[in-house]
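Atoms considered below: every heavy atom in the structure, side chains included; atoms not considered: hydrogens, waters and symmetry mates.
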Amino acid sequence: MANKENPLQKRNADERQVRCLNLSQFRAMNEGGKKQLDCYHVVFSDTYELWPGATENFDPHAFDTAINDDVRCLVNHDPAKVLGRTKAGTLQLSVDNYGMKGVTDINEDDTEATNLHARVLRGDVSQCSIGFDILDEEFTQNPDGSVHWLIKSVKLYEVSIVTFPAYEKTEAHAREARQAEVNRRFKESMKERTNKWH
């Protein structure tokens with residue numbers, strides 16, 4: 001009996017992806033009199049749990065071309081609250097063996113930006129999120145039924161400094177519901193086949 005392709009294997013390419021990360025290497029700096037936010041937005045060795053039994057991680061080359069795009073650094077994914085932009089030279093993105101790093105120059109004339117810098121400095125804000133499209137990925141389904149995606153290439157739109165990782169739960173619950181539907185259909189299909197054999 002041929003195995004049908006798992007509908008989870010190919011994710012919707014038109015669906016904007018958002019990931020929230022707890023960052024241990026996230027700091028506010030004063031470099032040469034200039035205020036900056038410095039952090040790794042993605043750590044390649046980290047595995048991100050979408051829901052129990054479903055994980056993903058980023059390939060070390062996933063952002064090789066993406067960091068050359070016109071990317072913004074936002075506050076809480078709000079396009080009206082721009083902290084920096086690669087095209088303007090106020091957000092610098094780079095990739096090393098550890099992850100994808102960003103340094104955002106804080107506009108001293110922007111009260112919201114300087115207030116956020118102070119909140120990060122105090123440790124009140126310590127998470128960030130990225131918004132991207134998946135261009136290429138590798139899917140694995142393990143014998144225990146768990147699934148894993150290795151994201152190999154992305155289109156990066158924004159990196160955000162966030163207060164609450166609300167998008168993380170929304171995204172995960174939506175995918176978990178899809179997986180439950182896939183499992184339900186699979187069981188119904190197996191039941192129908194078993195009935196036909198008897």
Side-chain angles (χ1 to χ4, degrees), residues 11 13 15-31 34-50 56-108 110 112-137 149-172:
R11 297 192 274 185
E15 186 176 303
R16 176 86 44 100
Q17 307 291 314
V18 178
R19 300 292 180 275
C20 186
L21 306 164
N22 288 307
L23 296 169
S24 56
Q25 297 196 30
F26 186 14
R27 59 193 178 127
M29 310 185 307
N30 291 302
E31 193 69 32
K34 184 191 292 186
K35 291 181 179 175
Q36 295 178 320
L37 292 176
D38 177 13
C39 68
Y40 278 93
H41 295 285
V42 172
V43 176
F44 298 137
S45 61
D46 281 359
T47 298
Y48 180 93
E49 184 179 53
L50 296 167
E56 72 181 4
N57 71 301
F58 290 92
D59 183 276
H61 297 288
F63 296 90
D64 283 357
T65 58
I67 61 172
N68 298 320
D69 293 335
D70 189 12
V71 181
R72 278 80 165 171
C73 182
L74 308 178
V75 180
N76 290 317
H77 299 285
D78 187 343
K81 298 176 180 177
V82 181
L83 293 172
R85 183 177 180 181
T86 54
K87 188 175 180 181
T90 52
L91 168 63
Q92 299 86 38
L93 297 175
S94 61
V95 174
D96 59 26
N97 292 334
Y98 186 76
M100 191 264 291
K101 183 179 182 180
V103 178
T104 306
D105 297 334
I106 295 299
N107 180 358
E108 298 272 6
D110 182 343
E112 187 162 15
T114 55
N115 287 345
L116 178 63
H117 183 271
R119 292 182 189 116
V120 173
L121 198 60
R122 264 186 20 152
D124 297 331
V125 176
S126 63
Q127 292 176 301
C128 82
S129 184
I130 58 173
F132 62 99
D133 286 339
I134 297 171
L135 302 181
D136 186 28
E137 62 183 0
W149 289 274
L150 174 64
I151 300 175
K152 302 179 83 171
S153 179
V154 304
K155 164 71 176 171
L156 184 64
Y157 295 98
E158 50 100 355
V159 295
S160 277
I161 311 303
V162 296
T163 308
F164 293 107
Y167 287 86
E168 179 183 9
K169 291 182 181 177
T170 304
E171 183 87 11

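- In this structure, CG in Leu37 is found 7.0 Å from SG in Cys73, a value given to the nearest 0.5 Å.
- Of all heavy-atom pairs spanning Val71 and Val159, the tightest one is CG1-N, 4.3 Å.
- Summarising the geometry of Ser94 relative to Ile67, their closest heavy-atom pair is CA-CD1, 4.0 Å, with the distance given to 0.1 Å.
- With sequence neighbours excluded, the residues forming a side-chain contact (heavy atoms from CB on, under 4.5 Å) with Val82 are Arg72, Leu74, listed by chain and number.
- Distance check, rounded to the nearest 0.5 Å: CH2 of Trp149 to CD1 of Ile134 gives 8.5 Å.
- Between the side chain of Asn76 and the main chain of Asp78, no donor-acceptor pair closer than 3.5 Å is present.
- Listed by first and then second residue, the salt bridge (Lys or Arg N to Asp or Glu O under 4.0 Å) pairs involving residues 83-95 are Asp70-Arg85 (not counting sequence neighbours).
- One finds the CZ atom of Arg119 at 7.5 Å from the CD atom of Glu112 (value rounded to the nearest 0.5 Å).
- Note on Lys101 versus Asp96: no salt bridge recorded, every NZ/NE/NH1/NH2 to OD/OE distance being 4.0 Å or above.
- In this structure, the separation between CG on Leu83 and NE2 on His117 is 11.0 Å, given to the nearest 0.5 Å.
- Note: Phe58 and Phe63 have tilted aromatic rings, judged against thresholds of 30 and 60 degrees for the angle between ring planes.
- Side chains of Tyr157 and Asp69: a donor-acceptor N/O pair is absent below 3.5 angstrom, by distance only.
- Looking at every heavy atom in both residues, Gly102 comes nearest to Leu93 through CA-CD2, 3.8 Å.
- For Phe44 against Met100, the heavy-atom pair with the smallest separation is CZ-N, 4.0 Å.
- The shortest side-chain heavy-atom distance between Thr104 and Ile161 does not fall under the 4.5 Å cut-off.
- Looking at heavy atoms from C-beta onward, Pro60 lies out of side-chain contact with Asn97 at the 4.5 angstrom threshold.
- Atom NE2 in His41 sits 6.5 Å away from atom CG in Leu91 (nearest 0.5 Å).
- Listed for the Thr90 side chain is no donor-acceptor partner under 3.5 Å among the backbone atoms of Asp105.
- Between Asn57 and Leu150, some side-chain heavy-atom pair lies under the 4.5 Å cut-off.
- Of the possible polar contacts, none joining the Asn107 side chain to the Ala113 backbone as a donor-acceptor pair under 3.5 Å is found.
- Here the straight-line distance linking atom CG of Leu156 with atom CD of Glu158 works out to 8.0 Å at 0.5 Å rounding.
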